Participant: 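I am attaching a structure below and will ask some questions about it afterwards.
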Amino acid sequence: MASEAAASSISSFPRRLAMESNALLWFRKGLRIHDNPALDYARRESNNLFPVFVIDPRYLHPDSSAFSLGSTRAGINRIRFLLECLSDLDSSLRRLGSRLLVLRGDSDPASAICRIVKEWKIRKLCFEYDTEPYGQELDRKVKIMIVRLGFLKDFASKHGIEVFCPVSHTLFNPADVIGKNGGKPPLTYQSFIALAGKPEGPLEVTYSELPPVGNVGESELLTVPTIEELGYKEMIEEEFPPFRGGESEALRRLKEVLKDKEWIANFEKPKGDPSAFLKPATTVLSPYLKFGCLSSRYFYQRLHNVYQIVGKHTSPPVSLLGQLLWREFFYTVAFGTPNFDQMIGNKICKQVPWREDEALLVAWREGRTGYPWIDAIMIQFIHWEKGRDVFERLLLDSDWAINNGNWLWLSSSAFFNQYYRIYSPISFGKKYDPDGKYIRHFIPVLKDIPNEYVYEPWTAPLSVQRKANCIIGKDYPRPVVSHDTASKECKKKMGEVYAKDRSMKSCKKESSKSATLRKRKK
DNA sequence: TCTGCGTTGAGGTC
DNA sequence: GACCTCAACGCAGA
């Protein structure tokens, strides 16, 4: 396990570096002090520690061509959340006698890192291993540049530059689980659980101080920028979600969650109320896990402790701990599946001739499908990659492996095969919230529609619509599709896709069989 | 090859 | 709330 590798590297840390040692800690995810193996290794026997975050324009700079306020890759809420994470990290580092150095990476974060490695005479470069393609590409660039840098000859020819990148974003190293499964990622949750075993515990160290930041020379350093400084001027405070970013908030929130042991012991995800919004039916720790403000190993350990205290508790996949393992499952499959975020070239994904319908997509994205319950959850027969893109941008806890995994699941493209089980935009919501409180909160124009019509307002008589000051087709849209017709059509077409998939697979099997026979005859 | 099973369907009965 | 039926999928393990 790579986290084991991290631990052993720490104990065998070479003493030769004690003489002159500058360490660079490059933060990407893992925006925390607790259970941070890269930080712990970087600070050991280092005279100077340079904690760095590079501003990546794709994630932070405003992009006016995007469909919502934000950068090319992230919506404004997640950008703000990230800045809060950085501010909190900076405060924590300052309490330990350090600070966060924020760098502009106008072209590419990897180039910025390599430039300062050279400028600041860095001997140890530490950063958390990232399993996502974007992170992997950055890692690759940095490693290649470090090797190529001519300065190695005169500066560090004797010792080289040590690069340390532990796996600490997840409970397990995806590569290890895949290795245990003969080189292929396990495709069911249960087989994943059987392979994964027990995770390692978090690092137990706490710090009273960290090595000081060394001389940063001519580098243009910023403090953590405000959202206005990044160029987002149109923000209105009321538009912000109620969740604040950062490790301190993550740990505070975790502490709150852990207080209610009964709730943890009885947690069953499918029974949670998806319409609960003032007091959510989940922990809302996912955005903190996404950015690594909360260590998944620490969370796992604390949950495990609660289970030991209370005795009887729910189990995976539905339990709270089971939710953490779903994250691991998707990280593992995503890591081991080329083109995981696409249909084409993705071996585990059903090849479906999705309809291209920009108008339907936009109606869904903008919440004007005419189906009040979600006005968001379902799009009829439109490519899952389009829905994924919308979520990737807008979700606070948007997480590459999990978002793609869930869209593959819900579109019956992979993991889940019972495509004939279709959610109803009317009855599913009613189960949890028969009076439509959720709808009335988020779609105020429907607030006076009587309960019996609130999930399907187009069925309300005109007199009722008038009385409620909501005329369907004028104040609130008519349904963009007939759910009855569209779901039947979807089911029929998915059936055809599955049949085609089966016949292709059996053809392949047959041809490989006859090939083996031919070989044997020879 | 067969069988059991699969975090979150809908609609029905009791 | 628990259970059944509807129609019927693929994976994993025996």
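Sequence lines set the chain letters: A, B, ... in the order given, protein chains first and strands last, and positions in each chain run from 1. None of the values given here were measured: they were computed from a predicted structure. All values below come from the heavy atoms of this structure, side chains included, with hydrogens, waters and symmetry mates left out.
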Participant: Using atom P of each nucleotide, how far apart are B:dT1 and C:dA8 to the nearest Å?
Facilitator: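 My reading of the P atoms in B:dT1 and C:dA8 gives 23 Å.
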Participant: Could you give the NZ-to-C1' distance, from A:K184 to C:dA12, as a whole number of Å?
Facilitator: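 Rounded to whole Å, this separation is 13 Å.
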Participant: Whole Å only: how far is the CZ atom of A:F416 from the C1' atom of B:dT8?
Facilitator: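 It is 9 Å, rounded to the nearest whole Å.
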Participant: Can we call the ring centroids of A:Y288 and A:F81 under 6.0 Å apart?
Facilitator: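 Yes, the ring centres sit under 6.0 Å apart.
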Participant: What integer distance in Å separates A:L408:CG from C:dC11:P?
Facilitator: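 In whole Å, C:dC11 P lies 14 Å from A:L408 CG.
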Participant: Measure up the A:H313 and A:Y307 rings against each other and bin them: parallel (under 30°), tilted (30 to 60°), perpendicular (over 60°).
Facilitator: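 Judged by the thresholds at 30° and 60°, the geometry between A:H313 and A:Y307 is parallel.
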Participant: Taking the side chain of A:K271 as its heavy atoms from C-beta onward, which of C:dA2, C:dC9, C:dC11 lies nearest to it?
Facilitator: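 It is C:dA2.
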Participant: Counting only Watson-Crick or G-U wobble pairs whose two distances fall under 3.5 Å, which nucleotide matches C:dA7?
Facilitator: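 WC or wobble partner does not exist here.
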Participant: When the P atoms of C:dC4 and B:dG4 are compared, how many Å lie between them, rounded to an integer?
Facilitator: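 Between the two P atoms, the distance is 16 Å.
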Participant: Using the P atoms only, state how far C:dC3 lies from B:dC5, rounded to an integer number of Å.
Facilitator: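 To the nearest whole Å, 15 Å.
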Participant: Round to the nearest Å and state the distance from A:F415 atom CZ to B:dC5 atom P.
Facilitator: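 Rounded to whole Å, this separation is 23 Å.
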Participant: Which one, B:dT7, C:dG10, B:dT8, comes nearest to the side chain of A:Y423?
Facilitator: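 Selected nucleotide (nearest to the side chain): B:dT8.
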Participant: Taking A:R252 first and then A:E249, would you say they form a salt bridge - that is, a charged N and a carboxylate O separated by under 4.0 Å?
Facilitator: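 Yes, charged N to carboxylate O under 4.0 Å.
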Participant: Does B:dT8 have a Watson-Crick or wobble partner in any strand here, with both distances under 3.5 angstrom, and which is it?
Facilitator: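 For B:dT8, the partner nucleotide comes out as none, under the 3.5 Å rule.
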Participant: From the set B:dT7, C:dG10, B:dG9, return the single nucleotide nearest to any side-chain atom of A:F428.
Facilitator: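 The nucleotide sitting nearest to the side chain is B:dG9.
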Participant: May I ask you to say what A:Q190 touches in the nucleic acid, namely base, sugar-phosphate or nothing, with a heavy-atom cut-off under 4.0 Å?
Facilitator: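 It contacts sugar-phosphate atoms only.
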Participant: Is A:E489 salt-bridged to A:R355, going by a charged N under 4.0 Å from an acidic O?
Facilitator: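 Yes.
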Participant: Return the 5'-most residue of the pair A:R421, A:Q418 with respect to DNA chain C, ranking by each residue's nearest nucleotide.
Facilitator: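 Taking each residue's closest nucleotide, the earlier one in sequence belongs to A:R421.
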Participant: Kindly point out which of C:dG10, B:dT8, C:dA8 is positioned nearest to the side chain of A:Y420?
Facilitator: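 So the nucleotide nearest the side chain must be C:dA8.
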Participant: So that I know where these two stand, are A:F415 and A:F330 an aromatic pair - ring centroids less than 6.0 Å apart?
Facilitator: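 A:F415 vs A:F330: aromatic centres under 6.0 Å.
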Participant: Ignoring the backbone of A:S191, work out which of C:dA12, C:dG10, B:dT8 is nearest its side chain.
Facilitator: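 Output: C:dA12.
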Participant: Determine the Euclidean distance between corresponding P atoms of B:dC2 and C:dA7; express it in Å to zero decimal places.
Facilitator: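 Nearest-Å result for C:dA7 against B:dC2 at atom P: 23 Å.
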Participant: Measure from CZ on A:F192 to P on B:dT7 and round the result to the nearest Å.
Facilitator: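 About 13 Å, once rounded to whole Å.
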Participant: Of the nucleotides C:dC11, B:dT8, C:dC9, which has the atom closest to the A:P270 side chain?
Facilitator: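 Shortest atom-to-atom distance from the side chain points to B:dT8.
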Participant: Judged by modelled atom types alone, do A:R502 and A:Y498 share a side-chain donor-acceptor pair under 3.5 Å?
Facilitator: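 No, A:Y498 and A:R502 have no side-chain donor paired with an acceptor closer than 3.5 Å.
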Participant: For the base of B:dT7 and the side-chain ring of A:Y189, does the geometry meet a stacking cutoff of under 5.5 Å between centres and under 30° between planes?
Facilitator: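 Ring-base stacking flag not set for A:Y189 and B:dT7.
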Participant: Would you say a side-chain N or O of A:S427 is under 4.0 Å from OP1 or OP2 of B:dG11?
Facilitator: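 It does, given that an N or O in the side chain of A:S427 lies less than 4.0 Å from OP1 or OP2 of B:dG11.
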Participant: Rounded to whole angstroms, how far apart are NZ on A:K269 and C1' on B:dG6?
Facilitator: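 Result: 16 Å.
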Participant: Whole angstroms only, please: what is the NZ-P distance between A:K493 and C:dC9?
Facilitator: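 My rounded result for the distance is 20 Å.
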